[in-house]
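Every heavy atom of this structure was used, including side-chain atoms; hydrogens, water molecules and symmetry mates were not. Quick note on labels: first sequence line is chain A, next is B, and so on, each numbered from 1.
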Protein chains: 2
Amino acid sequence: MRSHPASHREEAKERFQSYLRQQGLRQTPERFQVLDALYAMDGHTDADALYDRLQQQERTISRATVYNTLNLLLACDLVVRHQFGEHGAKYEPSLRYRQHDHLICLDCQEVLEFCDPRIQRIQDLVAEVYHFEITRAALNLYGHCRRDRCTRRPLASPAPGSPA
Amino acid sequence: MRSHPASHREEAKERFQSYLRQQGLRQTPERFQVLDALYAMDGHTDADALYDRLQQQERTISRATVYNTLNLLLACDLVVRHQFGEHGAKYEPSLRYRQHDHLICLDCQEVLEFCDPRIQRIQDLVAEVYHFEITRAALNLYGHCRRDRCTRRPLASPAPGSPA
DNA sequence: TTACTTGCAAATTATTTGCAATAAT
DNA sequence: ATTATTGCAAATAATTTGCAAGTAA
């Protein structure tokens, strides 16, 4: 159980409120419900999982509003969007964000996080050599985890990417 | 002009032929047209650009066939698929493939390549620590290039990710 | 009261798929 | 002659958008 500490949720709410105020946007209950649901999730989620979770509440919310609110949260840096596979984006609350990267199991879709200081140094070097202003770095490692719970296709796996 | 040397194109064609033979698949002109178009492209392309290029030939090809053939080429490792942004995949001929990563300009979409041996070491370490079998690593650096040709939004840029 | 938001449904984008006609073997 | 392949159009999946009705300020 590694959901977010209450302090993160509160800080997120405050940041969202002041962002909305500054931008002259409205503080609707829907927006805070989405923020809460996001920060209540462990690890990474997608828009659909958030939508499902929000459907279980009394006051239901439309997909359009979920996406709309996620875009607001992206704009004020309360969430980070990742594109791990080809299907759909993953969202991660950013308050607990330390520089970290991701290890993705191609079988069970599990996403693990790791840190390595060398990535920052690579980023700095590349920025200098290529004369680039780098705003974001993402090292994604794809492979197969060895957990028992992993839904790995044992042997008779239909070679990934085989013809239609 | 850094398109692929003829040797690469020939080698690719031979590999594709033997792959098709081994799999009992047919050697259609469309398939080789797609392979040729791909290897004639500089750097990274997407399915749509390939389709456009193929439309300019006498014998035209459908999008369905472009995608279908790309999947065959993926299956026999003649192309690598990348997912840089949220929109669509990029395809890169793999014969000239050395371990390399990508630097993506968020303004003009230009993709540069770089190599850094530390990435391999990070990969090995993470594999060991997390008990993972890693099959692919992708370090993507996103930012802003400083080229004059870059279509960067100068000052009055509508902050990326601003509300609808 | 004003005009931003919501929710629905329709639009969009990237890619896949069903199926009849075509062509490789 | 067989049966995989093509091309079209329709199907999907993820996300955005138009617009009328609702609601925060």
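Counting to the nearest Å, the P atom of C:dA24 and the CD atom of B:Glu30 are 8 Å from each other. If you take CD of A:Gln17 and C1' of D:dA25, they are 15 Å apart, rounded to a whole angstrom. Nucleotide C:dA14 holds its C1' atom 14 Å from the CG atom of B:Leu50, rounded to whole Å. Taking atom CG of A:Leu72 as the reference point, atom C1' of C:dT5 lies 10 Å away to the nearest angstrom. Atoms CD (A:Glu86) and P (C:dT15) sit 8 Å apart, rounded to a whole Å. Distance CG (A:Leu54) to C1' (C:dG7): 14 Å, rounded to an integer number of Å. Rounded to whole angstrom, the span from the CD atom of B:Gln23 across to the C1' atom of D:dT5 amounts to 16 Å. Computed from coordinates, the A:Lys90 NZ to D:dA14 P distance equals 10 Å when rounded to whole Å.
Taking only side-chain nitrogens and oxygens, A:Asn68 never comes nearer than 4.0 Å to OP1 or OP2 of D:dT16. Side-chain N/O atoms of B:Tyr67 include one lying less than 4.0 angstrom from OP1 or OP2 on C:dT15. For D:dT6, one of the phosphate oxygens OP1 or OP2 lies less than 4.0 angstrom from a side-chain nitrogen or oxygen of B:Thr28.
For the pair A:Arg136 and B:Tyr142, the cation-pi test (distance below 6.0 Å, angle within 45°) is passed. Seen from the ring of A:Tyr51, A:Arg63 counts as a face-on cation partner, given the 6.0 Å and 45° thresholds.
Comparing C:dA24, D:dA25, C:dG7 by their nearest atom to the side chain of A:Ile61 picks out C:dG7. Out of D:dC8, D:dT15, C:dC8, the shortest distance to the side chain of A:Ser62 is found at C:dC8. Among C:dA14, D:dG7, D:dT15, the nucleotide with an atom closest to any side-chain atom of B:His87 is C:dA14. Taking only side-chain atoms of A:Arg31, from C-beta outward, the nucleotide of C:dT15, D:dA14, C:dT5 with the closest atom is C:dT5. Taking the side chain of B:Tyr91 as heavy atoms from C-beta on, and the options D:dT15, D:dA25, C:dT15, the nearest nucleotide is C:dT15.
With respect to B:Glu92 and B:Arg81, no salt bridge is recorded, no charged nitrogen being found less than 4.0 Å from a carboxylate O.
Mapping B:Ala64 and A:Thr65 onto DNA chain C by nearest heavy atom places A:Thr65 at the nucleotide closer to the 5' end. The 5' end of DNA chain D is approached more closely, in terms of each residue's nearest nucleotide, by A:Asp46 than by the other of A:Asp46 and A:Arg59. In terms of position along DNA chain C, the nucleotide closest to B:Arg63 lies nearer the 5' end than the nucleotide closest to the other residue of the pair B:Gln27 and B:Arg63.
Inter-residue side-chain proximity for A:Phe32 and A:Gln27 is flagged as met; some heavy-atom pair is nearer than 4.5 Å. Using a 4.5 Å heavy-atom threshold, the side chains of A:Phe16 and A:Thr69 count as touching.
Among the atoms of the strands shown, none is found under 4.0 Å from any heavy atom of A:Thr69.
Between the side chain of B:Arg26 and the base of D:dA4 there is at least one donor-acceptor pair of N/O atoms closer than 3.5 Å.
Remark: of the listed residues A:Leu73, A:Val80, A:Leu74, A:Val80 is the sole one forming a side-chain contact (heavy atoms from CB on, under 4.5 Å) with A:Ser94.
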